[in-house]
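Here is the structure we will look at, set down as structure tokens.
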Amino acid sequence: MNTRTALVTGVGSGIGREIALDLTRRGWRLILPVRSTDRADDLKRFAHAAEAPGPLVIACDLADPAQVADMCDTAADSGPLDLVINSAAVGGGSDPSLRQTNTAGVELRMAVNAVAPHLIARSLAASLAPAGRIVQVGSFGQSPLPLDDLNFERDYEGVEAYCRSKLALVMSTRELAARGLHINVVHPAHAMPTTMVRQSRVPVASTLDDGTLAVLRVALDTALHEVTGMYFDRFTTAAPHPQADEPATRERVVKWLENAAAFSR
């Protein structure tokens, strides 16, 4: 059998790392964008021990769309992709009152949680194998987007910014599905033991395995081979925030995401 290839973001820790480990056990070849390449050293060692293909590790700061675009070019040059999983995310932060931006002034949660996944999906669509899929790791924590303040410059609060970015991700997913991509978004599990949950001081309610299983089901289940543009709450299709059902709003938000990516290059 031909080796299957997946690009997975957010593998430095948390659910992204668990997804990468699971796919490696299955014999997949991985492409791993990481801020610092030493964050993937343990995954390299694991792949060697499991006699799986060694991963392609690419230095990439997901907050910087120019680096994301360059990373996508490198990934595309490596051959067809069977799977893309955008798992990386920035939570509310240890100081939710602190508004952070990338070098172009785009608010950090929107840059990492919405702009980067949209850009990755759009850039790698042509590199997907015929049955290839894209899975965006979302959240059931979604807040409506103020269309006159998509960069969150008024009354900033980190958790609210996170929830807004996750709704933007749902909107992006639906718009990209309408363009012909096989793409879905999934809320993996509630309050897993991740950095963002620890920072928010929310009691842990799920395991990383709980979340990994939900993501991989959307990624690999043959019963979903024709399902696209859907929001999953773990294993069940669900209704996202009602604002995601407004076509004009979705179009405006996605245009903003694409402008944010282009402006930052």
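Values below: every heavy atom of this structure, side chains too, minus hydrogens, waters and symmetry copies.
A salt bridge does not link Arg133 to Glu226: none of the charged side-chain nitrogens sits closer than 4.0 Å to a carboxylate oxygen. By the 4.0 Å N-to-carboxylate-O rule, Arg122 lies close enough to Glu258 to be salt-bridged with it. In this structure, Arg250 does not pair ionically with Asp245, as no charged nitrogen and carboxylate oxygen lie closer than 4.0 Å.
Remark: Glu251 CD is loosely packed, at most 12 non-hydrogen atoms of other residues, nucleotides or ligands lying under 6.0 Å away. Residue-environment remark: CZ (Arg35) stays at or below the threshold of 12 foreign heavy atoms within 6.0 Å. Atom CG of Asp77 has more than 12 heavy atoms from other residues, nucleotides or ligands within 6.0 Å.
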Quiz prompt | Working for side-chain contact (heavy atoms from CB on, under 4.5 Å), residues Met110 and Ser165 | solution = CA-CA 5 Å; Met110 281 292 275; Ser165 72; 3.9 Å; yes
Quiz item: After noting the C-alpha distance and the side-chain angles of Leu83 and Leu7, does the key distance pass the side-chain contact (heavy atoms from CB on, under 4.5 Å) rule?
Solution: CA-CA 6 Å; Leu83 180 62; Leu7 183 145; over 6 Å; no
Quiz prompt | Stepwise side-chain hydrogen bond (donor to acceptor under 3.5 Å, both in side chains) test for Ser143 and Glu160 | solution = CA-CA 7 Å; Ser143 291; Glu160 179 71 6; 3.2 Å; yes
Quiz item: Between Gln67 and Asp61, is a side-chain hydrogen bond (donor to acceptor under 3.5 Å, both in side chains) present by the stated rule, with each step listed?
Solution: CA-CA 6 Å; Gln67 291 190 39; Asp61 181 354; 4.9 Å; no
Exercise. Report the C-alpha distance between Leu176 and His118 in whole Å, list the side-chain angles of each, state the deciding distance to 0.1 Å, and finish with yes or no for side-chain contact (heavy atoms from CB on, under 4.5 Å).
Key: CA-CA 8 Å; Leu176 290 173; His118 181 83; 3.7 Å; yes
Exercise. Could you please spell out the steps behind the side-chain hydrogen bond (donor to acceptor under 3.5 Å, both in side chains) verdict for Thr236 and Asp233?
Key: CA-CA 5 Å; Thr236 306; Asp233 185 344; over 6 Å; no
Quiz item: Run the side-chain hydrogen bond (donor to acceptor under 3.5 Å, both in side chains) check on Asp95 and Ser97 step by step: do they pass?
Solution: CA-CA 5 Å; Asp95 179 3; Ser97 67; 2.6 Å; yes
Practice problem: Give the intermediate values and the outcome of salt bridge (Lys or Arg N to Asp or Glu O under 4.0 Å) for residues Asp148 and Arg154. | Solution: CA-CA 10 Å; Asp148 62 343; Arg154 298 194 305 262; 3.3 Å; yes
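Put simply, the side chain of Val84 does not reach to within 4.5 Å of the side chain of Val135, judged on heavy atoms. For the pair Arg217 and Val215, the minimum side-chain heavy-atom distance is 4.5 Å or more. For the pair Pro65 and Val115, the minimum side-chain heavy-atom distance is below 4.5 Å. In this structure, the side chains of Arg29 and Pro55 stay at 4.5 Å or more apart for every pair of heavy atoms. Side-chain contact between Asp22 and Ile19: absent, with no pair of heavy atoms (C-beta onward) separated by less than 4.5 Å. Taking the side chain as every heavy atom from C-beta outward, His187 and Val185 never approach each other to under 4.5 Å. Residues Ile58 and Leu56 meet the side-chain proximity criterion, which asks for heavy atoms closer than 4.5 Å. In this structure the side chain of Val218 never reaches within 4.5 angstrom of the side chain of Phe235, judged on heavy atoms.
Judged purely by distance below 3.5 Å, without hydrogens or angles, the side chains of Glu107 and Asn151 never pair a donor atom with an acceptor atom.
Annotation: the span from Thr3 atom OG1 to Arg26 atom CZ amounts to 15.0 Å, rounded to 0.5 Å. Gln142 contributes atom CD, which lies 9.0 Å from atom CE of Met171 (distance to the nearest 0.5 angstrom). To the nearest 0.5 Å, atom CD1 of residue Ile183 and atom OG1 of residue Thr173 are 4.5 Å apart. Atom SG of Cys60 and atom CG of Leu32 lie 12.0 Å apart (nearest 0.5 Å). Between Ile85 atom CD1 and Ile15 atom CD1 the span is 9.0 Å, to the nearest 0.5 Å.
Nearest heavy-atom pair, Ala111 versus Asn102, reported as atom, atom and distance to 0.1 Å: CB-ND2, 4.0 Å.
Transitive grouping of hydrophobic side chains (ILVMFWY, heavy atoms separated by less than 4.5 Å) brings Phe152 and Leu257 into a common cluster.
Ring centroid separation for the pair His190 and Phe140 comes in under the 6.0 Å cut-off.
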